[in-house]
Each structure stands twice: as C-alpha cells, then as structure tokens.
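A quick write-up on the structure given underneath.
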Number of protein chains: 2
Amino acid sequence: MQQNIFRKFLEDRGWRLTKQRNAILQKAFSCKGHFDPESLYMEMRKKGMKASRASVYRTLNLLCECGLVGKVSKTEHGTIYEHTLGSHHDHMVCTDCGEIIEFYSESLEKLQEEICREMDFEGKSHILEIRGHCRHCRMKKNVLGGESSNG
Amino acid sequence: MQQNIFRKFLEDRGWRLTKQRNAILQKAFSCKGHFDPESLYMEMRKKGMKASRASVYRTLNLLCECGLVGKVSKTEHGTIYEHTLGSHHDHMVCTDCGEIIEFYSESLEKLQEEICREMDFEGKSHILEIRGHCRHCRMKKNVLGGESSNG
DNA sequence: GTTGCATTGAAATTGAGTCTCAATCTATTT
DNA sequence: AAATAGATTGAGACTCAATTTCAATGCAAC
C-alpha cells in the first residue's frame with residue numbers, strides 16, 4: 001500500500017510521514033486519473049484538509065522521487081501528475097477537449113528498447129504523448145460542421 | 001524556403017513579415033538543433049539584431065502555429081524549440097548532461113499509427129522523449145565511480 | 001496627409017513553482 | 001518534565017518564463 005511505501009521512503013532518510021504529507025498522499029491517490037498541484041491544493045482546502053501550497057509542491061516532489069507519482073506532462077497551466085502504482089502506460093491527448101486516454105503497447109515498449117540498444121543509449125523511462133482528436137470530438141465536429149466529404 | 005512559408009502564413013491573415021519577425025525567423029533557423037526563446041533573444045541582442053523579448057515570444061508562437069518550429073519539451077528553464085523543416089524525429093534526453101539526441105524510426109511511427117487505429121483516436125502528432133544516460137556519461141561514470149561489478 | 005490597422009517595445013502582470021525563516025512539532029536524552 | 005536537536009510547516013517573498021497592456025510607431029491604401 002502506498003502509505004507504507006512512502007513511510008519507508010521517508011524513514012530511510014530519517015524523515016516522518018506527517019499529517020500533511022499523508023493527507024496529500026491520500027488526496028493524490030483519491031484522484032481518478034491525472035491531477036495537477038493547484039487543483040489538489042484547492043480541493044484539499046475545500047474539504048478542510050489543511051496543508052499549505054508549499055507543502056503540496058514539496059510533497060509531490062517527494063512522491064515523485066519515491067516513484068509513487070509521476071509527471072505526465074507540462075502544460076501551459078502547470079504540471080500534470082498521475083499516480084503510478086498501476087503499470088506503465090502512455091497517453092493520447094485530445095487537443096479539442098483535453099481528455100487524456102491511457103494506453104499500453106508491449107510492442108511499443110519492446111521497439112523502444114531495441115532502438116535504445118541500437119543507439120547505444122541507456123533508456124530509463126520515456127514519455128510518449130500522442131496528440132490528436134478523440135472519437136467523441138470527431139463525431140461532435142461532424143455533426144456541427146456537417147462536412148460530408150464526397151471523396 | 002522558410003521565409004516564403006512564413007510570409008504566406010502571415011499574408012493569409014493580413015499580416016506582415018516585418019524586420020523583427022524576419023530576424024527572429026533567421027536566428028531560429030540558424031541554430032543548429034534546439035533552442036530556447038531566452039537564449040535566442042540574448043544572442044540577437046549580442047549581434048545587434050534588435051527585437052524585444054515580447055516579439056521573440058510572439059513570433060515563436062506564430063512560427064509554431066504555421067508549423068515551421070515546434071516545441072520539443074518544457075523544462076524547468078523554459079520551453080525548448082526546434083525548427084521542423086527537416087523530417088520528423090523523436091528525442092533521447094540524457095538526464096546527466098542534458099544532451100538531446102535525435103532519432104527516427106519508421107517502425108515506431110507505423111506502430112503508433114496502428115495503435116491509434118486500434119484505439120479509434122485520430123493521431124495528429126506525437127512527442128516521444130526517452131530519458132536515460134548517453135554513452136558518454138555512462139563511460140564517465142564508470143571511470144569516476146570505478147564500479148567494477150563482478151556479476 | 002490622414003485614416004486604419006498591424007506592430008513594436010518597455011514595463012506591468014500573471015502564474016507556476018521554489019525558497020526563506022520564524023514558529024512548531026516530535027522523538028530522544030537527561 | 002525540561003532540554004535539546006532536527007524535521008516540518010505555512011505565509012509570504014521571491015524567481016523566472018511567458019503573456020498582456022498600451023502608447024508610440026510603421027506601413028499601406030485612399
């Protein structure tokens with residue numbers, strides 16, 4: 001369980017799992033998929049869980065270090081995080097509605113390993129973001145635009 | 001040539017290819033590989049090409065829109081750009097020395113297209129960043145650390 | 001030359017993220 | 001229980017990339 005992992009990570013450094021750190025951890029893991037520090041901070045305030053903005057950022061960095069959460073991507077409006085207890089996956093981002101779709105492809109992973117070998121690069125991790133349009137937005141566009149391409 | 005592409009892009013909108021915009025375009029394309037707005041701005045100042053910071057950022061956004069340059073990644077120290085007249089490629093980033101190595105794999109492109117088809121996602125572009133250690137840094141580490149693993 | 005925009009640059013502003021530092025907490029020792 | 005030591009916190013200051021503002025300027029068309 002993530003709490004124990006985090007506690008161990010902290011104790012190894014002579015640090016403690018404080019109320020605030022635990023609250024932030026819980027909140028981060030209560031999010032369905034992805035989250036950003038600012039929203040997390042705001043939601044915690046709303047729900048009366050007290051932790052300062054500084055603590056949120058500090059703790060998220062710690063959680064990154066111990067691998068419990070990861071940075072998905074940096075947008076205009078800050079860093080997007082996700083919790084990474086599940087298996088590794090990549091992302092498709094709909095540039096219309098912002099939806100983030102997770103996917104995983106064994107072949108893709110294997111292929112990247114192979115490429116790294118070929119290039120004599122020691123790959124440790126990767127971020128793949130495919131940008132485009134999700135089915136939902138494509139359909140919406142067809143309805144609104146009414147473009148019936150003859151081709 | 002990039003100047004004509006940019007001019008056309010601007011004229012389509014009733015805008016002009018001004019001295020500043022052209023200077024920024026030239027400077028961006030004179031960079032070998034990757035560049036960031038701040039360095040570009042500073043180098044332009046040094047060489048006496050006058051354009052304000054605002055114009056640099058504004059023009060880079062325009063160049064992005066018309067596809068002549070692209071954002072490679074967002075780092076702690078700002079956005080990294082590249083000019084994209086060459087063919088598409090992906091990046092390996094050495095987390096030790098920061099070197100960015102470009103690579104291209106037809107199979108990788110094909111595989112991604114296939115995955116998009118499977119997921120019913122209309123992929124328009126992608127950003128793949130493999131993070132790890134370049135050969136150079138790996139060798140340096142071996143020399144310094146002297147870790148002769150017996151395994 | 002005047003009208004109408006586009007453009008520019010200096011400076012102000014925004015906003016994410018980090019840092020500072022005095023106050024507080026917690027475990028341990030005496 | 002008091003003292004000690006170090007970790008932790010939060011408010012707010014700060015940094016820095018990037019954007020916005022706005023008055024001044026440029027440029028084309030009439």
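Convention: sequence-line order gives letters A, B, ...; per-chain numbering from 1. Just so you know, these numbers use all the heavy atoms, side chains as well, and skip hydrogens, waters and symmetry mates. It should be emphasised that the depicted structure is a prediction, and the values quoted were computed from it without experimental measurement.
For the pair A:Arg138/B:Asp120, a side-chain contact is recorded, criterion being any heavy-atom separation below 4.5 Å from C-beta on. No side-chain heavy atom of B:Ile24 sits under 4.5 Å from any side-chain heavy atom of B:Arg58. A:Thr79 is not listed as a side-chain neighbour of B:Lys74, based on a closest heavy-atom distance of 4.5 Å or more.
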>> Does B:Lys27 form a side chain to side chain contact (heavy atoms under 4.5 Å, CB included) with B:Val56? I'd like the steps, not just the answer.
In response: CA-CA 10 Å; B:Lys27 191 79 196 124; B:Val56 168; over 6 Å; no
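Look at OH on A:Tyr81: it is 10 Å from C1' on C:dA16, rounded to the nearest Å. Note: CG (B:Leu25) to C1' (C:dT7) measures 17 Å, nearest angstrom. When the C1' atom of C:dA16 is taken as reference, atom CD of B:Glu76 falls 12 Å away, rounded to whole Å. Rounded to whole Å, atom P of C:dT18 lies 11 Å from atom NE2 of B:His77. Rounded to an integer number of Å, the gap from CE of B:Met49 to C1' of C:dT8 is 16 Å. Computed from coordinates, the A:Lys74 NZ to C:dG17 C1' distance equals 9 Å when rounded to whole Å.
Within residues 60-73 of chain B, the residues having any heavy atom closer than 4.0 Å to DNA chain D are, in order of number, B:Asn61. Within residues 9-16 of chain B, the residues that have a heavy atom under 4.0 Å from DNA chain D are, in order of number, B:Arg16.
In this structure, the side chain of B:His83 engages the main chain of B:Cys31 through a donor-acceptor pair within 3.5 Å. One N or O on the side chain of B:Arg21 and one on the backbone of B:Arg16 form a donor-acceptor pair closer than 3.5 Å.
Counting only residues at least two apart or in different chains, ring pair (Phe, Tyr, Trp, His ring centres under 6.0 Å) contacts with residues 38-80 of chain A are absent.
Contact record, A:Asp90 with A:His126: OD1-NE2, 3.2 Å, taken as the closest heavy-atom pair.
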Donor-acceptor contacts under 3.5 Å from residues 64-73 of chain B side chains, at least two apart:
none

Can you give me every donor-acceptor pair (side chain of residues 100-107 of chain B, partner residue at least two apart or in another chain, under 3.5 Å) with its distance?
from	atom 1	to	atom 2	distance (Å)
B:Glu102	OE2	B:His89	NE2	3.3
B:Tyr104	OH	B:Glu106	OE1	2.8
B:Ser105	OG	B:Ser107	N	3.4
B:Ser105	OG	B:Leu108	N	3.0
B:Glu106	OE2	B:Lys110	NZ	3.1

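In this structure, A:Lys19 places its NZ atom where only 12 or fewer heavy-atom neighbours from other residues, nucleotides or ligands lie under 6.0 Å away.
Each of B:Arg58 and B:Glu38 lies near DNA chain D, and the nucleotide nearest B:Glu38 is the one positioned closer to the 5' end.
Within the structure, a side-chain polar atom (N or O) of B:Thr18 is placed less than 4.0 Å from OP1 or OP2 of C:dT8. Phosphate contact (OP1/OP2 of C:dG17, side-chain N/O of A:Tyr57, threshold under 4.0 Å): present. At least one side-chain nitrogen or oxygen of A:Thr79 sits closer than 4.0 Å to the OP1 or OP2 atom of C:dG17. For B:Ser55 and C:dG9, the shortest distance from a side-chain N or O to OP1 or OP2 is below 4.0 Å.
Along DNA chain D, the stretch of nucleotides lying under 4.0 Å from any heavy atom of chain B spans, 5' to 3', D:dA17 to D:dC27.
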